[in-house]
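Below is one structure, written out as structure tokens, with a few remarks after it.
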Amino acid sequence: MATGHTDPQRRERIIAATLDLIAEEGLAGVSHRKIAARAGVPLGSMTYHFSGIDQLLREAFGRFTDHIVAVFDAYLSTPTDRDQARTAVAELVHALSEGPQRDLVLTQELYTLAARQPDYRELTHEWMRRSRTHLEQHFDPDTARQLDALIEGLTLHRALAREPHDHALTLEAIARITATEKRAP
């Protein structure tokens with residue numbers, strides 16, 4: 001095993017191992033010992049790099065939310081008009097719901113943690129703010145807020161449904177929300 005001096009990626013491996021472990025076993029399965037074993041680092045590395053499990057979870061979930069915001073950016077940075085933006089939102093919903101099961105599980109684990117522990121709500125608030133910022137490039141703030149919630153709901157429903165709804169239904173839902181959008185004066 002490499003020492004900290006020759007292993008500059010150790011901290012990153014610990015964060016990645018934490019997310020992998022949460023995705024596979026849930027938050028209840030997380031421990032310093034399990035994370036260290038998964039990351040292939042000495043147990044002492046855990047306390048060297050992180051003040052405790054809370055700091056590690058915050059950073060790991062922060063890394064995860066950065067990943068999801070990057071997905072939003074990939075879909076929402078290129079539309080040049082409202083119709084393209086609606087289509088991009090629909091494609092985003094389908095990409096998220098058909099994407100890695102890991103992302104779906106991590107999302108729900110973060111929401112559950114935030115619901116139980118108010119200290120983690122700041123992570124979800126910041127994540128929602130960042131998601132809405134991408135949506136607000138194309139829609140007014142109230143519509144962006146509604147679309148953000150719709151994306152979460154449709155993604156979860158599609159991912160867990162025995163027979164997920166199709167692209168047309170996703171577009172219809174987005175069209176309904178954006179049809180009554182407020183226009184700037």
Side-chain angles (χ1 to χ4, degrees), residues 1-77 88-89 91-135 148-162 164:
M1 220 174 282
T3 66
H5 298 291
T6 60
D7 189 6
Q9 296 302 313
R10 182 174 289 180
R11 192 170 201 285
E12 294 304 312
R13 285 200 329 273
I14 291 169
I15 290 171
T18 300
L19 291 170
D20 289 343
L21 190 62
I22 293 167
E24 290 176 18
E25 298 186 24
L27 281 167
V30 171
S31 71
H32 280 109
R33 187 171 306 283
K34 285 182 178 181
I35 294 168
R38 174 155 308 213
V41 302
L43 186 58
S45 292
M46 302 301 293
T47 55
Y48 177 81
H49 289 287
F50 303 95
S51 62
I53 200 76
D54 277 339
Q55 181 192 7
L56 176 55
L57 290 175
R58 276 187 181 76
E59 288 194 38
F61 278 124
R63 183 75 43 85
F64 172 69
T65 61
D66 288 346
H67 160 69
I68 298 297
V69 170
V71 173
F72 267 67
D73 184 53
Y75 282 87
L76 297 172
S77 64
V89 171
E91 290 170 357
L92 173 63
V93 167
H94 286 252
L96 292 171
S97 64
E98 296 165 2
Q101 183 74 14
R102 177 184 191 269
D103 289 355
L104 178 69
V105 171
L106 289 171
T107 298
Q108 299 315 307
E109 289 285 346
L110 175 55
Y111 286 156
T112 301
L113 184 62
R116 288 187 177 133
Q117 297 186 31
D119 290 347
Y120 286 87
R121 285 192 193 135
E122 190 56 39
L123 275 172
T124 60
H125 289 294
E126 179 61 14
W127 178 12
M128 287 183 258
R129 184 197 64 74
R130 292 172 67 196
S131 298
R132 285 191 308 265
T133 297
H134 286 289
L135 292 164
D148 195 32
L150 180 70
I151 290 166
E152 294 290 333
L154 289 177
T155 298
L156 184 60
H157 281 244
R158 285 195 86 252
L160 299 178
R162 286 191 181 108

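This is a predicted model, so every value here is computed, not measured.
Interatomic distance, CE of Met46 versus CD1 of Ile14, reported as 5.0 Å (0.5 Å rounding). How far CG of Leu106 is from CG of Leu110: 8.5 Å, rounded to the nearest 0.5 Å. We find the CG-OG1 distance between Leu27 and Thr112 to be 8.0 Å, quoted to the nearest 0.5 Å. The distance from the CD atom of Glu109 to the CD atom of Glu25 is 11.0 Å, given to the nearest 0.5 Å. In this structure, the separation between CZ on Arg121 and CG on Leu113 is 10.0 Å, given to the nearest 0.5 Å. Between Thr155 atom OG1 and Leu104 atom CG the span is 8.5 Å, to the nearest 0.5 Å.
Contact between Tyr75 and Ala95 at its shortest, heavy atoms only, is OH-CB, 3.1 Å. In plain terms, the two heavy atoms of Leu43 and Ala36 that are nearest each other are CA-CB, 3.9 Å. Closest approach of Val105 and Ile22 over heavy atoms only: CG1-O, 4.2 Å.
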Check the pair Leu156, Gln108 against side chain to side chain contact (heavy atoms under 4.5 Å, CB included), reporting the backbone distance first and the verdict last.
CA-CA 9 Å; Leu156 184 60; Gln108 299 315 307; 3.9 Å; yes
Please lay out, stage by stage, how Arg58 and Glu122 fare under the test salt bridge (charged side-chain N to carboxylate O under 4.0 Å, His left out).
CA-CA 10 Å; Arg58 276 187 181 76; Glu122 190 56 39; over 6 Å; no
Step by step, would you call Leu56 with Val30 a side chain to side chain contact (heavy atoms under 4.5 Å, CB included)?
CA-CA 11 Å; Leu56 176 55; Val30 171; 6.0 Å; no
Before giving the answer on side chain to side chain contact (heavy atoms under 4.5 Å, CB included), spell out for Phe50 and Arg11 the whole-Å C-alpha distance, their side-chain angles and the decisive distance to 0.1 Å.
CA-CA 9 Å; Phe50 303 95; Arg11 192 170 201 285; 3.5 Å; yes
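Two residues are said to be in side-chain contact when any heavy atoms from C-beta on lie closer than 4.5 Å; Glu126 and Thr65 fail this criterion. Within the 4.5 Å cutoff, side-chain heavy atoms of Tyr111 are placed close to those of Thr107. Side-chain contact between Ile35 and Ile53: present, with at least one pair of heavy atoms (C-beta onward) separated by less than 4.5 Å. Between Met128 and Glu152 there is no side-chain heavy-atom pair separated by less than 4.5 Å. A 4.5 Å side-chain heavy-atom check between Asp66 and Arg130 finds at least one atom pair inside the cut-off. Between Ser45 and Arg13 the shortest side-chain heavy-atom distance does not fall below 4.5 Å.
Paired with Ile15 under the rule side chain to side chain contact (heavy atoms under 4.5 Å, CB included), one option of Glu59, Arg10, His49 passes, and it is Glu59.
Ring orientation note: the planes of Phe61 and Phe64 are nearly perpendicular, at an angle over 60° on the 30°/60° scale.
Checked against the 6.0 Å centroid criterion, the rings of Phe72 and Trp127 do not qualify as a close aromatic pair.
In this structure, Tyr48 has no ring pair (Phe, Tyr, Trp, His ring centres under 6.0 Å) partners at least two apart in sequence or on a different chain.
Ion pairing of Glu24 with Lys34 is absent here, as no side-chain N (NZ or NE/NH1/NH2) approaches a carboxylate O to less than 4.0 Å.
Within a 6.0 Å radius of NE2 in His157, other residues, nucleotides and ligands contribute 12 heavy atoms or fewer.
The backbone N or O of Ala23 lies less than 3.5 Å from no partner atom in the side chain of Arg102, so there is not a single donor-acceptor pair. Side-chain atoms of Gln55 come within 3.5 Å of backbone N or O of Ser51 as a donor-acceptor pair. Remark: the backbone N or O of Arg129 is paired with a side-chain donor or acceptor of Thr133 at under 3.5 angstrom.
For His94 and Arg158, the side-chain atoms include at least one donor-acceptor pair closer than 3.5 Å.
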